[in-house]
Number of protein chains: 2
Amino acid sequence: MPNESEFLAEYDARSYAPVAVTVDVVALTIRDGQLCVLLVERAEHPFAGRRALPGGFVRVDEGPDEAALRELGEETGLRPGEGALQRVHLEQLRTYGKPGRDPRMRVFSIAYLAFAPELPDPRAGSDASDALWVPIASARKLAFDHDTILADGLDRARSKLEYTPLATAFVDDEFTIAELRQVYAAVWGEDLHAGNFHRKVLSVPGFVESTGHTAARGGERGGPKPKLYRAGDAKLLHPALLRREDDVR
Amino acid sequence: MPNESEFLAEYDARSYAPVAVTVDVVALTIRDGQLCVLLVERAEHPFAGRRALPGGFVRVDEGPDEAALRELGEETGLRPGEGALQRVHLEQLRTYGKPGRDPRMRVFSIAYLAFAPELPDPRAGSDASDALWVPIASARKLAFDHDTILADGLDRARSKLEYTPLATAFVDDEFTIAELRQVYAAVWGEDLHAGNFHRKVLSVPGFVESTGHTAARGGERGGPKPKLYRAGDAKLLHPALLRREDDVR
DNA sequence: TTAGTTGTTCTCAGCATGAGTAATTCTGTT
DNA sequence: AACAGAATTACTCATGCTGAGAACAACTAA
């Protein structure tokens, strides 16, 4: 059996194949009741002028998770550890690595999915000035294979709402049941029965807990002052909040 | 704006960081009612003598999916396109890339999950002679971070049985309801109520379809000759076949 | 004040589930 | 040849969850 140093030598030889590993982030938020994704306009070749998911190289000293959070912070203009950025939920989606997906060289892209409450517009004049929130209906013809990545991310987001309390990542710390319902409506693209949703949310253990507070005022067009809730400690919803069969398609 | 060739030059400079991309496969099958995973014994440094998930480098001319299928074929001794290997279901699990997870260099490993019907033992004397099926209870202390990858794979497999017809990937082309039930029992590690399972499987549209045939003989210890079914065309089970809440934990 | 909207709670029928029972058909053994 | 044990399949029944609709009160905008 060869010794360890011989193996390391063989390794180094193989490793010099020109391979890059990047992260791309599908960052979702809800603005004005619409599900939106964070996109950047590419200034560089290839696909200059086209929109793309924010992303970049994974540095030698960081893991993919850290790289994704860093990229998200850079593009939104929020500092890591800064308020709103701490509330985002980040999870790995999947990795895309077919030969030819980047015309420059072999690139493996680890895609991430981020759920954020309503964030401020990326700061003008900063590095992030080219980033913007785009309603998903308008997010088409993206650079590289980012259309596919976005579609996969939306699929994942829609099904995660069913069996996890992730909808709470889209709203503020204190929220009303109606706000939570609007998250489901925006992500699933369908209206939900207000009464049944109310009953369901309150009956699933650990989904939400009461704050005892009441909102300062009712809805814009009327209605009583709703009660306020915060996220519970459940990681999984039991029983789940399932979509209607026709919508799953 | 710089032109494209200037960008390509900048790219080449960055790309020579010593980075490798591999695939690792969590291949599951059921043998004698036990859920088993395919493992190889490492002959080389590091972790020589320890067991590990089968895997290897993604070649320059292939995508990650192809690489995973090729590795699985090499380790099981089955040729691609050869009978049993065509029936395996293969899906990407997630990518592991924390610095230091491989002591030699920076390695990103794209993990795959494979579901296979009972496969023959890897051929002795072939390249795959060091591979073997191990009951998951005995698959511990694996090389690298493969314990984590295996655990993630099992989580995924268990929850996929709930809402997809993937259990049919563990059985032969024609199977009985009882065989299907034993798949669930083995993967979830709990016994299921035979009557309710029967009713449920037949009531979910597209899960199984009748072949009209009947098994040649009853169970080993008695019982009538069961009817035979084949997998239906559903990709998702509606309504899902949910685990009891206590088991999800 | 009025009209319209919304939060919240009920009611009710339908469906799915978990648990148990029973008829029937086998296999292996006495 | 008979028997015991076991497995498939089909039931029943009580319970709980769901979707749909209705009711009521609280509130906003006009």
Side-chain angles (χ1 to χ4, degrees), chain A residues 33 161-163 171 174-185 188 190-205 207-229 237-248, chain B residues 33 161-163 171 174-185 188 190-229 236-248:
Chain A
L161 283 201
E162 293 189 296
Y163 55 92
V171 292
E174 296 203 340
F175 54 87
T176 69
I177 304 288
E179 285 166 354
L180 203 59
R181 174 162 48 81
Q182 282 152 18
V183 171
Y184 278 88
W188 286 351
E190 77 178 285
D191 284 335
L192 282 80
H193 184 293
N196 291 340
F197 183 83
H198 203 97
R199 174 184 61 189
K200 177 71 181 178
V201 168
L202 294 185
S203 74
V204 175
F207 192 0
V208 301
E209 57 188 35
S210 176
T211 63
H213 307 157
T214 297
R217 50 160 297 162
E220 290 188 9
R221 292 182 297 184
K225 297 183 172 73
K227 296 175 187 165
L228 290 173
Y229 297 84
L237 301 184
H238 271 283
L241 219 159
L242 299 172
R243 272 175 287 185
R244 302 210 332 255
E245 180 171 357
D246 345 341
D247 299 317
V248 180
Chain B
L161 283 200
E162 293 190 296
Y163 56 92
V171 293
E174 297 203 340
F175 54 87
T176 69
I177 304 289
E179 285 166 355
L180 203 59
R181 175 162 46 82
Q182 282 152 18
V183 171
Y184 279 87
W188 286 352
E190 76 178 288
D191 284 335
L192 283 80
H193 185 292
N196 292 340
F197 183 85
H198 201 95
R199 175 184 61 189
K200 176 72 182 177
V201 168
L202 294 185
S203 75
V204 174
F207 192 1
V208 301
E209 56 188 36
S210 176
T211 63
H213 307 157
T214 297
R217 49 160 297 161
E220 290 188 9
R221 291 181 297 184
K225 297 183 172 71
K227 296 177 187 162
L228 291 172
Y229 298 83
L236 249 27
L237 301 183
H238 270 283
L241 220 160
L242 299 172
R243 272 176 287 184
R244 302 209 332 252
E245 180 171 358
D246 346 341
D247 299 318
V248 179

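In what follows, chains are A, B, ... by sequence order, proteins preceding strands, each numbered from 1. Keep in mind the model is a prediction, meaning the values are calculated, not measured. Computed from heavy atoms alone, side chains included, the values below leave out hydrogens, waters and symmetry copies.
When rounded to the nearest whole Å, the span between NE2 of B:H238 and P of C:dA16 equals 13 Å. B:I177 places its CD1 atom 7 Å from the P atom of D:dT9, with the value rounded to the nearest Å. Taking atom OH on A:Y163 and atom C1' on D:dC17, their separation rounds to 21 Å, with Å as the unit. Residue B:L180 contributes atom CG, which lies 16 Å from atom C1' of D:dA7 at whole-angstrom precision. Protein atom CG of A:L192 is 10 Å distant from nucleotide atom P of D:dA20, rounded to whole Å. In this structure, A:D191 atom CG and D:dA20 atom P are separated by 12 Å, rounded to whole Å.
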Only distances under 3.5 Å count here; give the side-chain donor-acceptor pairs of residues 203-213 of chain B to other protein atoms, sequence neighbours excluded, each with its distance to 0.1 Å.
unit_1 : atom_1 : unit_2 : atom_2 : d
B:S203 : OG     : B:R199 : O      : 3.3
B:S203 : OG     : B:K200 : O      : 3.0
B:E209 : OE2    : B:R230 : NH1    : 3.2
B:S210 : OG     : B:G212 : N      : 3.1
B:T211 : OG1    : B:H213 : N      : 3.1
B:T211 : OG1    : B:L228 : O      : 2.9
B:H213 : ND1    : B:E174 : OE1    : 3.3
B:H213 : ND1    : B:E174 : OE2    : 3.2

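When the options A:T176, A:L202, A:V201 are evaluated for a side chain to side chain contact (heavy atoms under 4.5 Å, CB included) with A:Y229, the one that passes is A:L202.
Across all their heavy atoms, B:I177 and B:F197 have their closest contact at O-CE2, 3.6 Å. The two residues B:P226 and B:R217 have their closest heavy-atom pair at CD-O, 3.9 Å. Between A:F175 and A:L180, the closest heavy-atom pair is CE1-CD2, 4.1 Å.
Of the side-chain N and O atoms in A:R181, none sit less than 4.0 angstrom from OP1 or OP2 of C:dT6.
The nearest heavy atom of DNA chain D to B:Q182 and to A:L241 marks one nucleotide each, and the one closer to the 5' end goes with B:Q182.
B:L241 is listed as a side-chain neighbour of B:Y184, based on a closest heavy-atom distance under 4.5 Å.
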In 5'-to-3' order, the base (B), backbone-only (S) or no-contact (-) status of each nucleotide in nucleotides 24-30 of chain C, using a 4.0 angstrom heavy-atom cut-off, is -BBSS--
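By the 4.0 Å N-to-carboxylate-O rule, A:E190 lies too far from A:R243 to be salt-bridged with it.
Residue B:R244 has its side chain nearest to C:dG18 when only C:dG18, D:dT9, C:dG7 are considered. Considering only the side chain of A:H193, D:dA20 comes nearest among C:dT8, C:dG20, D:dA20.
No donor-acceptor distance shorter than 3.5 angstrom exists from the side chain of A:E162 to the backbone of A:A240, with no hydrogens or angles considered.
Near DNA chain D, meaning a heavy atom under 4.0 Å from it, residues 194-203 of chain A has A:N196, A:R199, A:K200 in order of number.
Residue B:H198 holds its NE2 atom at 12.5 Å from NE2 of B:H193, rounded to the nearest 0.5 Å.
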